[in-house]
Amino acid sequence: MPIATPEVYAEMLDRAKANGFAYPAINVTSSQTLNAALRGFAEAESDGIIQVSTGGAEYLSGTSVKDMVTGSVALAEYARVVAAKYPVTVALHTDHCQKERLDGFVRPLLDISLERIAQGKDPLFQSHMWDGSACPLDENLQIARELLEKANAANIVLEAEIGVVGGEEDGVVGEMNEKLYSTPEDALATAEALGLGDRGRYMLAATFGNVHGVYKPGHVKLRPSVLKDIQDAVGAKYSQEKPFYLVFHGGSGSSLEEIREAISYGVVKMNIDTDTQYAFTRPVADHMFRKYDGVLKVDGDVGSKKEYDPRSWGKAAEAGMAARVTEACEHLLSAGTKLS
């Protein structure tokens, strides 16, 4: 069962929360980066989450097609075939979806999963993210309620976000201001609007200074204690310990101490994209620089087919990214915790 069923995904999230670890959620943009993620999880003996962003989904459909639903469906179907060869369980997730992209991304994908459920199949994806961080909180939670109802009917977990992740991802820029830090009031409003699992499962991306991309030390001011304040405030009102299943966005460049502290407050999923992008591309750059006279037909020469064959440098890229995924599993304490 390489692709998690809804029941197994629920078990994965419960195990992570109960046992103090988090799953790396690896953004992929191609069949090869998907294979790299699967290889990395397998080598770490960790289950995990594979996800696609709006831009990644467009890219997967072909650069002249640029259709997010087509790319997402293609990824999910391909993943079901190749993941069967790996001894780990993975969940499929769609990353940040802003309000203006809902009708071209998450809503049609939910409809596809509802059709699959009606046919006795599992949903296409195991979870979807609604990024309402650019909306006023009331509107954010109103849309989240609508999506949660539909996701619950399709046995899908929703991911919602309160606060803003700074930096840039897929052309969307989050401003670096006080909204980088979610508040207990935001969290209490979320619990009131969405419940705490009784109206459908969801994860919460609460922000604590997170910024997309990678920066020099000192640029990003993470305050993981914000997550504790949120859990404590909502937990006190509803008599639950760590009521939220939290998600860590924008973690590139974070110290291991900050990552582990965030996990201790109930983070069960950490998004990883920038670091694995570099880990994939770095071996390619090495190949091109060292073997430029083979990959190029310099001065009218013939070059070397074995050097410009995409498989020659693609294998190195896959291995480099897989190693970074394995490292992420170790950092997040998921290594060695696979279900089967």
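FYI, the numbering just counts along the sequence from 1.
- For the pair Glu58 and Thr63, the minimum side-chain heavy-atom distance is 4.5 Å or more.
- Remark: side-chain polar atoms of Glu45 are not paired, donor with acceptor, to backbone N or O of Ala335 under 3.5 angstrom.
- Taking the side chain as every heavy atom from C-beta outward, Tyr202 and Leu148 approach each other to under 4.5 Å.
- Panel note: side chain Ser334, backbone Ser46; no donor-acceptor pair is recorded below 3.5 Å.
- When the options His128, His249, Gln51 are evaluated for a side-chain hydrogen bond (donor to acceptor under 3.5 Å, both in side chains) with Glu159, the one that passes is His249.
- Between the side chain of Glu318 and the main chain of Thr33, no donor-acceptor pair closer than 3.5 Å is present.
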Original post:
Where do Asp47 and Lys338 land on the salt bridge (Lys or Arg N to Asp or Glu O under 4.0 Å) test, with the steps shown first?
Top reply: CA-CA 5 Å; Asp47 301 318; Lys338 67 176 185 173; over 6 Å; no

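- Taken to the nearest 0.5 Å, the CG atom of Asp67 stands 11.5 Å off from the CG atom of Leu60.
- For Tyr308, the side chain to side chain contact (heavy atoms under 4.5 Å, CB included) criterion is met by Val295, Lys297, Lys305, not counting sequence neighbours.
- Under the 4.5 Å side-chain heavy-atom criterion for ILVMFWY residues, no single connected hydrophobic cluster contains both Val52 and Met129.
- Between Arg80 and Asp122, no side-chain nitrogen of the basic residue sits less than 4.0 Å from a carboxylate oxygen of the acidic one, so the salt-bridge criterion is not met.
- With Gln98 contributing its side chain and Gly132 its backbone, the two residues share no donor-acceptor pair below 3.5 Å.
- Open room surrounds OH on Tyr292; 12 or fewer heavy atoms of other groups in view lie less than 6.0 Å from it.
- The environment of CD in Glu139 is crowded: more than 12 heavy-atom neighbours from other residues, nucleotides or ligands sit within 6.0 Å.
- Residues Pro224 and Ala262 approach most closely at CB-N, 4.3 Å, considering heavy atoms.
- If you take NZ on Lys291 and CD on Glu307, they are separated by 4.0 Å, rounding to the nearest 0.5 Å.
- Contact annotation: the side chain of Arg15 never approaches that of Val268 to less than 4.5 Å [non-hydrogen atoms, C-beta and beyond].
- A single hydrophobic cluster is not seen to contain both Val106 and Ile117; linkage of ILVMFWY side chains at heavy-atom distances under 4.5 Å, directly or through other members, places them apart.
- Both Val69 and Ile50 belong to a single network of hydrophobic side chains, linked directly or stepwise wherever heavy atoms of I, L, V, M, F, W or Y lie under 4.5 Å apart.
- Every residue two or more places apart in sequence or in another chain that forms a side chain to side chain contact (heavy atoms under 4.5 Å, CB included) with Leu296 is listed here: Val298.
- Taking every heavy atom of both residues into account, Thr326 and Gly40 meet most closely at OG1-O, 2.9 Å.
- Distance check: Cys135 SG to Leu141 CG gives 10.0 Å after rounding to the nearest 0.5 Å.
- In this structure, the separation between OG1 on Thr337 and CG on Leu339 is 7.5 Å, given to the nearest 0.5 Å.
- Between Glu261 and Lys228, none of the side-chain N atoms (NZ, or NE/NH1/NH2) sits under 4.0 Å from a carboxylate O, so this pair counts as no salt bridge.
- The only member of Ile49, Ile156, Asn155 that meets side-chain contact (heavy atoms from CB on, under 4.5 Å) when paired with Tyr9 is Ile49.
- No donor-acceptor distance shorter than 3.5 angstrom exists from the side chain of Tyr265 to the backbone of Leu246, with no hydrogens or angles considered.
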**OP:** Given side chain to side chain contact (heavy atoms under 4.5 Å, CB included), test Tyr278 with Asp273 step by step and report yes or no.
**Re:** CA-CA 9 Å; Tyr278 184 77; Asp273 189 12; over 6 Å; no

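- Residues Asn152 and Leu158 fail the side-chain proximity criterion, which asks for heavy atoms closer than 4.5 Å.
- Between Phe208 and Phe248, a ring centre-to-centre spacing shorter than 6.0 Å is recorded.
- A salt bridge is defined here as a Lys NZ or Arg NE, NH1 or NH2 lying under 4.0 Å from an Asp or Glu carboxylate O, and Lys242 with Asp232 fails to meet this definition.
- Between the Asp186 side chain and the Ser182 main chain, no donor and acceptor come within less than 3.5 Å of each other.
- Under the 4.5 Å side-chain heavy-atom criterion for grouping Ile, Leu, Val, Met, Phe, Trp and Tyr, Leu137 is connected to Leu188 within one hydrophobic cluster.
- Residues Tyr59 and Thr29 share a closest heavy-atom pair of CD2-O, 3.1 Å.
- Listed for the Glu149 side chain is no donor-acceptor partner under 3.5 Å among the backbone atoms of Glu146.
- For the pair Lys17 and Tyr245, the cation-pi test (distance below 6.0 Å, angle within 45°) is passed.
- Side-chain contact between Phe105 and Thr94 is present, with at least one heavy-atom pair separated by less than 4.5 Å.
- Proximity of a side-chain donor or acceptor of Asn140 to a complementary backbone N or O of Glu161 within less than 3.5 Å is detected.
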**OP:** Given salt bridge (Lys or Arg N to Asp or Glu O under 4.0 Å), test Arg107 with Asp111 step by step and report yes or no.
**Re:** CA-CA 6 Å; Arg107 284 189 176 121; Asp111 288 338; over 6 Å; no

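- Arg199 and Glu192 are not joined by a salt bridge, as no carboxylate oxygen comes within less than 4.0 angstrom of a charged side-chain nitrogen.
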**OP:** Assess whether side chain to side chain contact (heavy atoms under 4.5 Å, CB included) is satisfied between Asn35 and Val28, documenting all intermediate values.
**Re:** CA-CA 9 Å; Asn35 287 332; Val28 301; over 6 Å; no

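- Counting heavy atoms of neighbouring residues, nucleotides and ligands inside a 6.0 Å radius, atom NZ of Lys150 exceeds 12 of them.
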Subject >> Step-by-step side chain to side chain contact (heavy atoms under 4.5 Å, CB included) determination, Arg201 to Leu13 >> reply: CA-CA 10 Å; Arg201 270 189 175 263; Leu13 298 178; 4.2 Å; yes

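- At least one cation-pi condition fails for Arg39 and Tyr86: the charged atom is not both under 6.0 angstrom from the six-membered ring centre and inside a 45 degree cone around its axis.
- Thr276 places none of its side-chain heavy atoms less than 4.5 Å from the side chain of Asn27.
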Original post:
side chain to side chain contact (heavy atoms under 4.5 Å, CB included) between Met321 and Ile26: does it pass, once the steps are laid out?
Top reply: CA-CA 10 Å; Met321 180 172 165; Ile26 308 299; 3.6 Å; yes

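- For Ala233, the side chain to side chain contact (heavy atoms under 4.5 Å, CB included) criterion is met by Pro184, not counting sequence neighbours.
- Expressed to the nearest 0.5 Å, how far CD1 of Ile259 lies from CG of Leu222 amounts to 9.0 Å.
- Checking side-chain atoms of Ser312 against main-chain N and O of Asp309 turns up a donor-acceptor pair under 3.5 Å.
- Rounded to the nearest 0.5 Å, atoms CD1 (Ile162) and OG1 (Thr183) are 7.0 Å apart.
- Leu109 is listed as a side-chain neighbour of Val73, based on a closest heavy-atom distance under 4.5 Å.
- By the neighbour-count criterion of 12 heavy atoms within 6.0 Å, atom CD of Glu77 is densely surrounded, having more than that number from other residues, nucleotides or ligands.
- Residues Thr89 and Ser340 form a side-chain contact, since some pair of their non-hydrogen atoms from C-beta on lies under 4.5 Å apart.
- Counting heavy atoms of neighbouring residues, nucleotides and ligands inside a 6.0 Å radius, atom CD of Glu241 does not exceed 12 of them.
- When atom types are taken as modelled, the side chain of Ser61 and the backbone of Met68 share no donor-acceptor pair closer than 3.5 angstrom.
- Val65 and Leu75 sit in two unconnected hydrophobic clusters of ILVMFWY residues. Membership requires side-chain heavy atoms under 4.5 Å apart, directly or through other members.
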